K.L.:
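Dumping the structure here so I can ask a few things about it.
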Amino acid sequence: EINKVLTKADFILGSQVEYFEKEFAKYLNIKHCVGVNSGTDAIILALKALGIGSGDEVITVSNTYIATVMAISAVGAKPVFTDINSQNFLIDVGSIEKAITKRTKAIIPVHLYGQSANMNKIMELASLYKLYVVEDCAQAHGSEYKGKKVGTFGDIACFSFYPSKNLGAFGDAGAVVTNKSSLQGKVRMLRNYGQSEKNLHNLVGLNSRMDSIQAAILRVKLKKLDHWNSKRRQIAKIYN
């Protein structure tokens, strides 16, 4: 598959990226997937697409990798930390409501070690206070909550395909997924210099495009993901 990309010289945002976007969206059972260059940029682009920026607050969990928090800072917003649930080390839903202020615009729950945050309660809170939900799924490819894949509950969700993930590329790569056409359209523009078409720049965007070689590798590995996750569960049982 790598050789096909090299032969075609279709290196950035090529056909392999389009194929992967469709296949990953189908795997998650979600309408839209946008391939980007990293999980960090995926969160930055998601927040930008939601219009979150200076003066806004975004609630997230204290027990996460710095990329979650750095993305909030990168768009000019203020990260507000909640505590964790001592049973699974995920975001403590009870502490989210206490952190909400007039400036709060979004919640970023982090699905950690393949475990899902309590999305039913998080979505109830978000609806009550009219907040966006951005799921950080960097460690939860294929994880489910009540029979539904994580990344399909919130307004928008972000995946990392860093090589150490259970769905990893041969370098940096990421994706933004959503059921909302308007959001995916904004993310597509933002990832490619804010372009709606060549040399027409509607937004102040980034250079955050997925490489075709990474997409080709991810397409092959995606077919094996469920099997690999099953083996991980078997090994976890041995450790337990």
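These numbers come from a predicted model, not from an experiment.
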K.L.:
Tell me if a side-chain donor or acceptor on S127 pairs with a main-chain N or O of E124 at a distance below 3.5 Å.
P.N.:
no
K.L.:
Under 3.5 Å, side chain of T60 to main-chain N/O of I108, donor-acceptor pair present?
P.N.:
yes
K.L.:
With a 3.5 Å distance limit and no angle check, can you tell me whether S62 reaches the backbone of T82 through a side-chain donor-acceptor pair?
P.N.:
yes
K.L.:
Do I59 and F81 come within less than 4.5 Å of each other through their side chains, counting heavy atoms only?
P.N.:
no
K.L.:
So does K148 have more than 12 non-hydrogen atoms from other groups sitting under 6.0 Å from NZ?
P.N.:
yes
K.L.:
Does atom CD1 of I66 have more than 12 heavy-atom neighbours, drawn from other residues, nucleotides or ligands, at distances under 6.0 Å?
P.N.:
no
K.L.:
Okay, side chain of E135, backbone of G154: is any donor-acceptor separation there less than 3.5 Å?
P.N.:
yes
K.L.:
Tell me, which pairs form a salt bridge (Lys or Arg N to Asp or Glu O under 4.0 Å) where one or both residues lie in residues 22-48, sequence neighbours left out?
P.N.:
E23-R219
K.L.:
In terms of hydrophobic clustering (I, L, V, M, F, W, Y; side-chain heavy atoms under 4.5 Å; direct or indirect links), are I12 and M189 co-clustered?
P.N.:
no
K.L.:
Begin with the C-alpha distance, continue with both residues' side-chain angles, and end with the deciding distance and a verdict on side-chain contact (heavy atoms from CB on, under 4.5 Å) for I156 and Y132.
P.N.:
CA-CA 8 Å; I156 199 165; Y132 295 118; over 6 Å; no
K.L.:
Which heavy atom of V133 sits nearest a heavy atom of A126, and at what distance?
P.N.:
CG2-CB, 3.4 Å
K.L.:
Would D136 and Y65 satisfy side chain to side chain donor-acceptor pair (under 3.5 Å), going step by step from the backbone distance to the final call?
P.N.:
CA-CA 10 Å; D136 183 339; Y65 186 59; over 6 Å; no
K.L.:
Applying a strict under-4.5 Å side-chain criterion to I, L, V, M, F, W and Y, I'd like to know whether L200 and L203 cluster together.
P.N.:
no
K.L.:
Same cluster or not: V134 versus V177, using hydrophobic residues (I, L, V, M, F, W, Y) connected whenever any side-chain heavy atoms lie under 4.5 Å apart?
P.N.:
no
K.L.:
Please name the pair of heavy atoms, one in H111 and one in A117, separated by the smallest distance, quoted to 0.1 Å.
P.N.:
ND1-N, 3.0 Å
K.L.:
Is there a path of hydrophobic side-chain contacts, each under 4.5 Å between heavy atoms of I/L/V/M/F/W/Y residues, joining I43 to I91?
P.N.:
no
K.L.:
Rounded to the nearest 0.5 Å, what separation is found between the OG1 atom of T152 and the CG atom of N29?
P.N.:
7.5 Å
K.L.:
Would you give the length of the straight line joining atom OH of Y129 to atom OG1 of T104, rounded to the nearest 0.5 angstrom?
P.N.:
10.0 Å
K.L.:
Starting from the C-alpha separation in whole Å, work towards a yes-or-no answer on side-chain contact (heavy atoms from CB on, under 4.5 Å) for T64 and L112.
P.N.:
CA-CA 8 Å; T64 186; L112 198 60; 5.6 Å; no
K.L.:
Search all heavy atoms of D83 against all heavy atoms of V61 and return the closest pair with its distance.
P.N.:
O-CG2, 4.0 Å
K.L.:
Where do V36 and A175 come nearest, in terms of heavy atoms and distance?
P.N.:
CG2-N, 3.7 Å
K.L.:
Looking only at heavy atoms, what is the nearest atom pair of Q184 and R188, with distance?
P.N.:
OE1-NE, 2.7 Å
K.L.:
Start with the C-alpha gap between I2 and I213, add the side-chain angles, then the distance that decides, and say whether side-chain contact (heavy atoms from CB on, under 4.5 Å) holds.
P.N.:
CA-CA 6 Å; I2 292 171; I213 285 176; 4.2 Å; yes
K.L.:
Does any N or O in the side chain of S212 come within less than 3.5 Å of the main-chain N or O of D10, such that one atom is a donor and the other an acceptor?
P.N.:
yes
K.L.:
Drop me the distance from D56's CG to K78's NZ, to the nearest 0.5 angstrom.
P.N.:
12.0 Å
K.L.:
Determine yes or no for a side-chain-to-main-chain donor-acceptor pair under 3.5 angstrom, with Q214 supplying the side chain and F170 the backbone.
P.N.:
yes
K.L.:
State, yes or no, whether a side-chain contact exists between M210 and L218 at a heavy-atom distance under 4.5 Å.
P.N.:
yes
K.L.:
Please answer whether the main-chain N or O of Y113 pairs with a side-chain N or O of Q139 as donor and acceptor at a distance below 3.5 Å.
P.N.:
yes
K.L.:
Any donor and acceptor pair, going by atom type alone, linking the side chain of R191 with main-chain N or O of G35 inside 3.5 Å?
P.N.:
yes
K.L.:
Just wondering, do Q234 and I238 contact through their side chains at under 4.5 Å, heavy atoms?
P.N.:
no
K.L.:
Give a yes or no on whether a salt bridge exists between K223 and E1, defined as a side-chain N under 4.0 angstrom from a carboxylate O.
P.N.:
no
K.L.:
Indicate if Y145 and I30 have the same hydrophobic cluster label, given that clusters are the connected sets of ILVMFWY residues with side-chain heavy-atom separations under 4.5 angstrom.
P.N.:
no
K.L.:
Which distance, rounded to the nearest 0.5 Å, do you find between the CD1 of I217 and the CD of Q16?
P.N.:
10.0 Å
K.L.:
Going by the ring pair (Phe, Tyr, Trp, His ring centres under 6.0 Å) test, name the single residue among W228, F161, Y27 that passes it with H141.
P.N.:
F161
K.L.:
Does Q115 reach the main-chain N or O of N88 with its side chain, forming a donor-acceptor pair under 3.5 Å?
P.N.:
yes
K.L.:
Are any side-chain N or O atoms of T178 and backbone N or O atoms of D155, one a donor and one an acceptor, separated by less than 3.5 Å?
P.N.:
yes
K.L.:
Within this structure, what is the OG1-CG distance for the pair T40 and L45, rounded to the nearest 0.5 Å?
P.N.:
10.5 Å
K.L.:
Atom CG in N118, atom CG in N85: separation rounded to 0.5 Å?
P.N.:
9.0 Å
K.L.:
On a heavy-atom basis, which atom in G171 and which in P163 lie closest, and how many Å separate them?
P.N.:
O-CD, 3.3 Å
K.L.:
Should F159 and L167 be marked as a side-chain contact (heavy atoms from CB on, under 4.5 Å) after you check the CA-CA gap, both sets of side-chain angles, and the distance that decides it?
P.N.:
CA-CA 10 Å; F159 287 83; L167 179 60; over 6 Å; no
K.L.:
Can you list the residues that meet the side chain to side chain donor-acceptor pair (under 3.5 Å) rule with D211, with sequence neighbours excluded?
P.N.:
none
K.L.:
Less than 4.5 Å apart, any side-chain heavy atom of N37 and any of S208?
P.N.:
yes
